[in-house]
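Read the structure below first, then the notes.
Atom set for the values below is all heavy atoms of this structure, side chains included, hydrogens, waters and symmetry mates excluded.
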Amino acid sequence: MCKKSELCKKGSACIFNRVKDKQLHIISNGKMAIEQFCDIATEIHPFVTAIHIREKQKTARELFQAVQLLIEKNIPLSKIILNDRVDVAFATRVRGVQLTFHSLEVAIVKADFPQLQLGCSVHSYKEGQKAKMNGADYLLYGHVFSSQSKPGLPPKGLEELAKLTELNIPVIAIGGITPENTRLVLEAGASGIAVMSGVLEADDPIAAVKSYVKEFNNGEG
(Lines give C-alpha, C1' and ligand atoms only; values in the text may rest on other atoms or scores of the structure.)
Protein backbone atom coordinates (compact mmCIF):
# COMPACT_ATOMS: atom_id res chain seq x y z
CA MET A 1 0.00 0.00 0.00
CA CYS A 2 1.24 3.49 -0.75
CA LYS A 3 1.83 5.02 2.64
CA LYS A 4 2.44 8.53 1.32
CA SER A 5 0.08 10.04 -1.21
CA GLU A 6 2.89 12.13 -2.69
CA LEU A 7 4.61 8.91 -3.78
CA CYS A 8 1.55 7.94 -5.76
CA LYS A 9 1.56 11.32 -7.49
CA LYS A 10 5.15 10.77 -8.54
CA GLY A 11 4.24 7.36 -9.90
CA SER A 12 7.15 5.43 -8.41
CA ALA A 13 5.17 3.76 -5.65
CA CYS A 14 2.03 2.98 -7.63
CA ILE A 15 3.74 0.92 -10.33
CA PHE A 16 1.41 -2.03 -10.43
CA ASN A 17 -2.27 -2.76 -10.27
CA ARG A 18 -3.21 -3.89 -6.79
CA VAL A 19 -5.53 -6.33 -5.14
CA LYS A 20 -7.11 -4.32 -2.34
CA ASP A 21 -4.03 -2.06 -2.42
CA LYS A 22 -1.65 -4.97 -1.82
CA GLN A 23 0.63 -6.58 -4.38
CA LEU A 24 0.93 -10.29 -5.13
CA HIS A 25 4.03 -11.26 -7.11
CA ILE A 26 4.55 -14.77 -8.47
CA ILE A 27 8.16 -15.76 -9.17
CA SER A 28 9.28 -18.66 -11.32
CA ASN A 29 11.32 -21.23 -9.41
CA GLY A 30 13.68 -22.42 -12.14
CA LYS A 31 12.59 -26.02 -11.51
CA MET A 32 9.87 -26.52 -14.08
CA ALA A 33 9.80 -26.31 -17.85
CA ILE A 34 9.15 -22.75 -18.93
CA GLU A 35 6.11 -23.97 -20.87
CA GLN A 36 4.61 -25.33 -17.66
CA PHE A 37 5.30 -22.09 -15.83
CA CYS A 38 3.67 -20.11 -18.63
CA ASP A 39 0.61 -22.35 -18.52
CA ILE A 40 0.22 -21.71 -14.79
CA ALA A 41 0.87 -18.00 -15.27
CA THR A 42 -1.89 -17.89 -17.87
CA GLU A 43 -4.39 -19.29 -15.38
CA ILE A 44 -3.45 -17.13 -12.42
CA HIS A 45 -2.46 -13.78 -13.89
CA PRO A 46 -5.92 -12.16 -13.48
CA PHE A 47 -5.46 -12.57 -9.72
CA VAL A 48 -1.86 -11.36 -9.39
CA THR A 49 0.05 -8.10 -9.68
CA ALA A 50 3.27 -9.24 -11.30
CA ILE A 51 4.83 -12.34 -12.81
CA HIS A 52 8.61 -12.65 -12.45
CA ILE A 53 10.74 -14.73 -14.78
CA ARG A 54 13.61 -15.80 -12.55
CA GLU A 55 15.51 -18.37 -14.57
CA LYS A 56 19.19 -17.98 -13.75
CA GLN A 57 20.37 -20.79 -16.00
CA LYS A 58 18.65 -19.59 -19.15
CA THR A 59 20.35 -17.62 -21.89
CA ALA A 60 19.19 -14.22 -23.09
CA ARG A 61 17.61 -15.88 -26.12
CA GLU A 62 15.72 -18.37 -23.95
CA LEU A 63 14.47 -15.58 -21.70
CA PHE A 64 13.35 -13.59 -24.74
CA GLN A 65 11.43 -16.64 -25.96
CA ALA A 66 9.86 -17.08 -22.51
CA VAL A 67 8.55 -13.53 -22.61
CA GLN A 68 7.21 -14.08 -26.10
CA LEU A 69 5.38 -17.17 -24.88
CA LEU A 70 3.75 -15.21 -22.08
CA ILE A 71 2.71 -12.53 -24.57
CA GLU A 72 1.20 -15.18 -26.85
CA LYS A 73 -0.87 -16.33 -23.88
CA ASN A 74 -2.24 -12.78 -23.51
CA ILE A 75 -0.37 -11.89 -20.35
CA PRO A 76 0.15 -8.10 -20.34
CA LEU A 77 3.68 -6.79 -20.62
CA SER A 78 2.77 -4.53 -17.70
CA LYS A 79 2.73 -7.60 -15.45
CA ILE A 80 6.01 -9.17 -16.52
CA ILE A 81 9.24 -8.68 -14.55
CA LEU A 82 12.61 -10.12 -15.56
CA ASN A 83 15.20 -11.08 -13.01
CA ASP A 84 18.60 -9.41 -13.50
CA ARG A 85 18.63 -9.20 -17.32
CA VAL A 86 18.23 -5.54 -18.15
CA ASP A 87 19.06 -6.19 -21.80
CA VAL A 88 16.22 -8.67 -22.29
CA ALA A 89 13.80 -6.50 -20.30
CA PHE A 90 14.59 -3.56 -22.55
CA ALA A 91 14.37 -5.61 -25.74
CA THR A 92 11.01 -7.15 -24.83
CA ARG A 93 9.53 -3.95 -23.35
CA VAL A 94 8.33 -5.69 -20.22
CA ARG A 95 7.34 -3.65 -17.19
CA GLY A 96 10.58 -3.94 -15.29
CA VAL A 97 13.57 -5.79 -13.96
CA GLN A 98 14.40 -7.26 -10.55
CA LEU A 99 17.98 -6.41 -9.63
CA THR A 100 20.02 -8.58 -7.28
CA PHE A 101 23.38 -8.30 -5.53
CA HIS A 102 25.26 -9.29 -8.70
CA SER A 103 23.23 -7.11 -11.08
CA LEU A 104 24.13 -3.72 -12.44
CA GLU A 105 23.84 -0.92 -9.88
CA VAL A 106 20.35 0.50 -9.54
CA ALA A 107 21.51 4.05 -10.33
CA ILE A 108 23.15 2.95 -13.59
CA VAL A 109 20.04 1.14 -14.81
CA LYS A 110 17.80 4.00 -13.73
CA ALA A 111 19.89 6.52 -15.64
CA ASP A 112 20.13 4.51 -18.86
CA PHE A 113 16.75 2.74 -18.83
CA PRO A 114 14.32 5.15 -17.15
CA GLN A 115 11.32 3.41 -18.71
CA LEU A 116 11.94 0.24 -16.67
CA GLN A 117 10.45 -0.14 -13.21
CA LEU A 118 13.25 -1.31 -10.94
CA GLY A 119 12.91 -3.70 -8.05
CA CYS A 120 15.90 -4.34 -5.84
CA SER A 121 16.42 -7.47 -3.75
CA VAL A 122 17.62 -6.54 -0.26
CA HIS A 123 18.31 -8.39 2.96
CA SER A 124 18.67 -5.57 5.47
CA TYR A 125 17.55 -2.05 6.32
CA LYS A 126 20.93 -0.69 5.24
CA GLU A 127 20.65 -2.31 1.82
CA GLY A 128 17.13 -0.93 1.53
CA GLN A 129 18.33 2.59 2.27
CA LYS A 130 20.99 2.34 -0.43
CA ALA A 131 18.56 0.92 -3.00
CA LYS A 132 16.04 3.69 -2.38
CA MET A 133 18.73 6.38 -2.55
CA ASN A 134 19.91 4.98 -5.89
CA GLY A 135 16.44 5.09 -7.42
CA ALA A 136 14.79 1.71 -6.85
CA ASP A 137 11.02 1.76 -7.30
CA TYR A 138 10.37 -1.03 -4.81
CA LEU A 139 12.24 -3.48 -2.59
CA LEU A 140 11.99 -7.26 -2.48
CA TYR A 141 12.91 -8.31 1.05
CA GLY A 142 13.49 -11.73 2.53
CA HIS A 143 13.53 -14.40 3.37
CA VAL A 144 11.04 -13.50 6.07
CA PHE A 145 10.15 -17.02 7.22
CA SER A 146 11.90 -20.37 6.85
CA SER A 147 11.89 -21.28 3.19
CA GLN A 148 12.61 -24.47 1.29
CA SER A 149 14.47 -22.39 -1.29
CA LYS A 150 16.89 -21.22 1.44
CA PRO A 151 17.63 -24.41 3.39
CA GLY A 152 19.77 -23.98 6.47
CA LEU A 153 19.62 -20.18 6.46
CA PRO A 154 17.84 -18.52 9.40
CA PRO A 155 14.84 -16.38 8.43
CA LYS A 156 15.01 -12.59 8.69
CA GLY A 157 11.74 -12.30 10.57
CA LEU A 158 9.23 -9.46 10.78
CA GLU A 159 11.15 -6.88 12.82
CA GLU A 160 13.55 -5.83 10.05
CA LEU A 161 10.67 -5.93 7.57
CA ALA A 162 8.69 -3.48 9.69
CA LYS A 163 11.73 -1.20 9.90
CA LEU A 164 12.19 -1.29 6.13
CA THR A 165 8.62 -0.17 5.53
CA GLU A 166 9.45 3.11 7.27
CA LEU A 167 11.59 4.08 4.25
CA ASN A 168 8.44 5.07 2.34
CA ILE A 169 9.17 2.80 -0.58
CA PRO A 170 7.02 -0.24 -1.40
CA VAL A 171 8.42 -3.38 0.24
CA ILE A 172 7.45 -6.80 -1.12
CA ALA A 173 8.13 -9.61 1.35
CA ILE A 174 9.33 -13.03 0.21
CA GLY A 175 10.28 -16.31 1.79
CA GLY A 176 8.10 -18.95 3.40
CA ILE A 177 4.96 -16.87 3.07
CA THR A 178 1.75 -18.90 3.31
CA PRO A 179 -1.88 -17.85 3.43
CA GLU A 180 -1.72 -18.51 7.17
CA ASN A 181 1.07 -16.00 7.84
CA THR A 182 0.22 -13.46 5.14
CA ARG A 183 -1.65 -11.21 7.57
CA LEU A 184 1.41 -11.00 9.82
CA VAL A 185 3.48 -9.74 6.89
CA LEU A 186 0.90 -7.18 5.84
CA GLU A 187 0.42 -5.99 9.41
CA ALA A 188 4.20 -5.43 9.57
CA GLY A 189 3.71 -2.86 6.81
CA ALA A 190 4.64 -4.77 3.67
CA SER A 191 3.13 -3.50 0.43
CA GLY A 192 2.66 -7.08 -0.69
CA ILE A 193 4.14 -10.53 -0.93
CA ALA A 194 6.05 -12.65 -3.44
CA VAL A 195 5.39 -16.36 -3.70
CA MET A 196 7.09 -19.22 -5.52
CA SER A 197 6.36 -22.77 -4.36
CA GLY A 198 3.21 -21.78 -2.48
CA VAL A 199 1.50 -21.33 -5.85
CA LEU A 200 3.64 -22.98 -8.51
CA GLU A 201 3.94 -26.30 -6.66
CA ALA A 202 0.35 -26.34 -5.43
CA ASP A 203 -2.01 -29.04 -6.68
CA ASP A 204 -4.40 -26.27 -7.70
CA PRO A 205 -2.51 -23.03 -8.44
CA ILE A 206 -5.68 -20.98 -8.93
CA ALA A 207 -7.06 -22.09 -5.57
CA ALA A 208 -3.70 -21.32 -3.99
CA VAL A 209 -3.62 -17.79 -5.44
CA LYS A 210 -7.17 -17.16 -4.29
CA SER A 211 -6.24 -18.22 -0.77
CA TYR A 212 -3.59 -15.49 -0.68
CA VAL A 213 -5.95 -12.92 -2.19
CA LYS A 214 -8.51 -13.83 0.46
CA GLU A 215 -6.03 -12.77 3.14
CA PHE A 216 -5.55 -9.45 1.33
CA ASN A 217 -9.28 -9.00 1.76
CA ASN A 218 -9.12 -9.56 5.52
CA GLY A 219 -10.12 -13.19 5.19
CA GLU A 220 -13.13 -12.51 3.00
CA GLY A 221 -13.64 -14.30 -0.28
Closest heavy-atom contact between [X] and [Y]?
{"X": "I27", "Y": "M196", "result": "O-CG, 3.4 Å"}
{"X": "I193", "Y": "I172", "result": "C-CG2, 3.5 Å"}
{"X": "I34", "Y": "L69", "result": "O-CD2, 4.5 Å"}
{"X": "S124", "Y": "E127", "result": "OG-N, 3.2 Å"}
{"X": "F47", "Y": "V213", "result": "O-CG2, 3.7 Å"}
{"X": "L139", "Y": "A131", "result": "CD2-CB, 3.6 Å"}

Determine yes or no for a side-chain-to-main-chain donor-acceptor pair under 3.5 angstrom, with [X] supplying the side chain and [Y] the backbone.
{"X": "Q36", "Y": "M32", "result": "no"}
{"X": "T182", "Y": "Y212", "result": "no"}
{"X": "N181", "Y": "L184", "result": "no"}
{"X": "T49", "Y": "L24", "result": "yes"}

Exercise for the section: Flag the pair E201 and K31 as a salt bridge only when some basic side-chain nitrogen lies within less than 4.0 angstrom of an acidic carboxylate oxygen. Expected result: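 A salt bridge links E201 with K31.
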
Problem - 4.5 Å side-chain heavy-atom contact, I174 and Y141 - result: no

Problem - Heavy-atom check, side chain of R61 versus side chain of Q65, under 4.5 Å - result: yes

Donor-acceptor contacts under 3.5 Å from residues 37-45 side chains, at least two apart:
from, atom 1, to, atom 2, distance (Å)
D39, OD1, K73, NZ, 3.0
T42, OG1, C38, O, 2.7

Handout entry: same_hphob_cluster(I206, V48) at 4.5 Å side-chain heavy-atom cutoff
Key =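 Linked within one cluster.
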
Handout entry: In one Ile/Leu/Val/Met/Phe/Trp/Tyr side-chain cluster, 4.5 Å: L77, I51
Key = yes

All N/O donor-acceptor pairs, side-chain side in residues 97-116, below 3.5 Å, sequence neighbours left out:
from, atom 1, to, atom 2, distance (Å)
Q98, OE1, Y138, OH, 2.8
Q98, NE2, S121, OG, 3.0
T100, OG1, H102, ND1, 3.1
T100, OG1, H102, NE2, 3.3
T100, OG1, S103, OG, 3.2
S103, OG, D84, OD1, 2.5
S103, OG, T100, N, 2.8
K110, NZ, D137, OD1, 3.1
K110, NZ, D137, OD2, 2.9

Problem - Residue Y125 excluded, over 12 heavy atoms near OH under 6.0 Å - result: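 Yes, the 6.0 Å shell around OH holds more than 12 heavy atoms from other groups.
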
Exercise for the section: Evaluate side-chain contact (heavy atoms from CB on, under 4.5 Å) for I26 paired with H52, printing each intermediate quantity in order. Expected result: CA-CA 6 Å; I26 303 299; H52 294 234; over 6 Å; no

Practice task
Tell me, with the steps shown, if Q23 and S191 meet side chain to side chain donor-acceptor pair (under 3.5 Å).
Solution key: CA-CA 6 Å; Q23 302 180 25; S191 297; 5.5 Å; no

